[in-house]
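Once you've had a glance at the structure underneath, I'll fire off some questions.
Atoms within a ligand are numbered from 1 in the order they appear, just like the ligands themselves.
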Amino acid sequence: MAMERTLVLIKPDGVQRGLVGEIVSRFEKKGLKMVGCKMMRLDEAVLREHYAHIADKPFFPGVSNFMKSSPVLAMCWEGLECVEAVRLITGVTKGRAADAGTIRGDFAMSVSCNVIHTSDTVENATKEVARFFNSDELHEYFKSEAEHVYNEEERA
Ligand code: ADP
């Protein structure tokens with residue numbers, strides 16, 4: 001069991017639709033710890049890196065324009081094996097096919113305007129957190145709720 005950090009971006013549609021508070025609230029209520037948060041505008045260079053795995057797809061220019069259309073909220077969340085836990089809360093890419101109860105299932109209809117990005121693997125999470133946050137923007141602190149979120153073995 002490992003304490004992990006993962007990257008979450010609230011995409012331009014989430015910011016424009018006023019879903020920031022709702023999304024942050026879901027991660028907080030889950031018992032995850034926010035260790036970094038900032039609003040930023042993404043440029044083509046960071047998007048080409050971040051979306052390298054879809055850069056040669058025909059839909060990439062549309063995705064890139066969408067991601068640049070307004071600021072995004074970048075967040076780093078921490079928790080036990082949280083990369084997978086956050087993906088479960090995210091739901092599948094196509095909003096209208098995502099399970100009810102997930103963020104995309106509850107708030108998205110589109111395959112591209114799907115409200116949030118979340119890291120898909122532990123390896124990618126490490127790279128993505130480093131891509132969006134300088135080390136002095138990530139905060140280590142004690143959060144007393146850990147005692148109630150995790151059992152003794154999980155906290156060790
Ligand atoms: P996910 O965000 O679920 O990890 P991907 O990494 O496959 O999904 O794709 C990155 C992003 O590219 C998606 O979140 C979505 O915004 C966009 N995208 C993926 N597939 C399509 C598609 N077929 N048409 C348009 N946009 C897409």
Side-chain angles (χ1 to χ4, degrees), residues 1-135 137-139 149 154:
M1 285 185 296
M3 207 39 96
E4 295 170 356
R5 286 179 169 184
T6 193
L7 178 83
V8 175
L9 300 177
I10 302 184
K11 296 184 180 188
D13 56 331
V15 171
Q16 292 291 336
R17 292 173 57 202
L19 295 173
V20 168
E22 171 76 39
I23 292 166
V24 170
S25 179
R26 287 189 175 211
F27 290 123
E28 284 184 326
K29 286 180 193 158
K30 177 71 173 170
L32 295 164
K33 177 156 91 172
M34 184 191 279
V35 295
C37 179
K38 62 178 170 180
M39 184 170 250
M40 59 199 292
R41 251 183 201 279
L42 305 184
D43 61 22
E44 190 68 23
V46 79
L47 283 166
R48 286 212 161 265
E49 226 185 280
H50 179 65
Y51 280 142
H53 62 291
I54 58 160
D56 54 3
K57 302 269 190 212
F59 57 80
F60 177 76
V63 170
S64 176
N65 285 336
F66 159 62
M67 291 298 288
K68 287 185 289 195
S69 65
S70 85
V72 302
L73 195 80
M75 298 178 285
C76 179
W77 289 89
E78 186 180 275
L80 199 62
E81 299 176 335
C82 77
V83 174
E84 191 187 351
V86 165
R87 284 297 277 191
L88 289 174
I89 296 170
T90 301
V92 296
T93 310
K94 192 199 277 184
R96 56 190 181 272
D99 284 343
T102 64
I103 289 172
R104 287 170 172 172
D106 288 353
F107 302 118
M109 281 299 288
S110 167
V111 70
S112 53
C113 302
N114 53 11
V115 183
I116 53 170
H117 164 84
T118 55
S119 307
D120 61 347
T121 63
V122 174
E123 197 188 348
N124 284 339
T126 305
K127 286 188 204 154
E128 291 180 0
V129 168
R131 179 174 301 133
F132 286 89
F133 288 93
N134 299 320
S135 54
E137 294 170 325
L138 295 169
H139 303 276
V149 171
E154 290 165 331

Subject >> Closest heavy-atom pair and its distance - Pro71, Met39 >> reply: CB-CG, 3.6 Å
Original post:
Sequence neighbours excluded, which residues qualify as salt bridge (Lys or Arg N to Asp or Glu O under 4.0 Å) partners of Arg41?
Top reply: none
Subject >> Set of ring-ring contact (aromatic ring centres under 6.0 Å, His included) partners for His117, sequence neighbours left out >> reply: His50
Which N/O atoms of ligand 1 sit under 3.5 Å from a protein N/O, and at what distances?
{"from": "ligand 1", "atom 1": "2 (O)", "to": "Arg104", "atom 2": "NH2", "distance (Å)": "3.0"}
{"from": "ligand 1", "atom 1": "3 (O)", "to": "Thr93", "atom 2": "OG1", "distance (Å)": "2.6"}
{"from": "ligand 1", "atom 1": "3 (O)", "to": "Arg104", "atom 2": "NH1", "distance (Å)": "2.9"}
{"from": "ligand 1", "atom 1": "4 (O)", "to": "Arg87", "atom 2": "NH1", "distance (Å)": "3.2"}
{"from": "ligand 1", "atom 1": "4 (O)", "to": "Arg87", "atom 2": "NH2", "distance (Å)": "3.2"}
{"from": "ligand 1", "atom 1": "6 (O)", "to": "His53", "atom 2": "NE2", "distance (Å)": "2.7"}
{"from": "ligand 1", "atom 1": "8 (O)", "to": "Thr93", "atom 2": "OG1", "distance (Å)": "3.3"}
{"from": "ligand 1", "atom 1": "14 (O)", "to": "Lys11", "atom 2": "NZ", "distance (Å)": "2.9"}
{"from": "ligand 1", "atom 1": "14 (O)", "to": "Asn114", "atom 2": "ND2", "distance (Å)": "3.0"}
{"from": "ligand 1", "atom 1": "16 (O)", "to": "Lys11", "atom 2": "NZ", "distance (Å)": "3.0"}
{"from": "ligand 1", "atom 1": "16 (O)", "to": "Ser112", "atom 2": "O", "distance (Å)": "2.9"}

Original post:
Is the NZ or CZ atom of Lys38 positioned over Phe133's six-membered ring, under 6.0 angstrom from the centre and within 45° of the axis?
Top reply: yes
Original post:
Please, which pairs that meet side chain to side chain donor-acceptor pair (under 3.5 Å) have at least one residue in residues 88-109, sequence neighbours excluded?
Top reply: Arg26-Asp106, Thr90-Thr118
Subject >> Parallel, tilted or perpendicular: ring planes of Phe27 versus Trp77, cut at 30 and 60 degrees >> reply: tilted
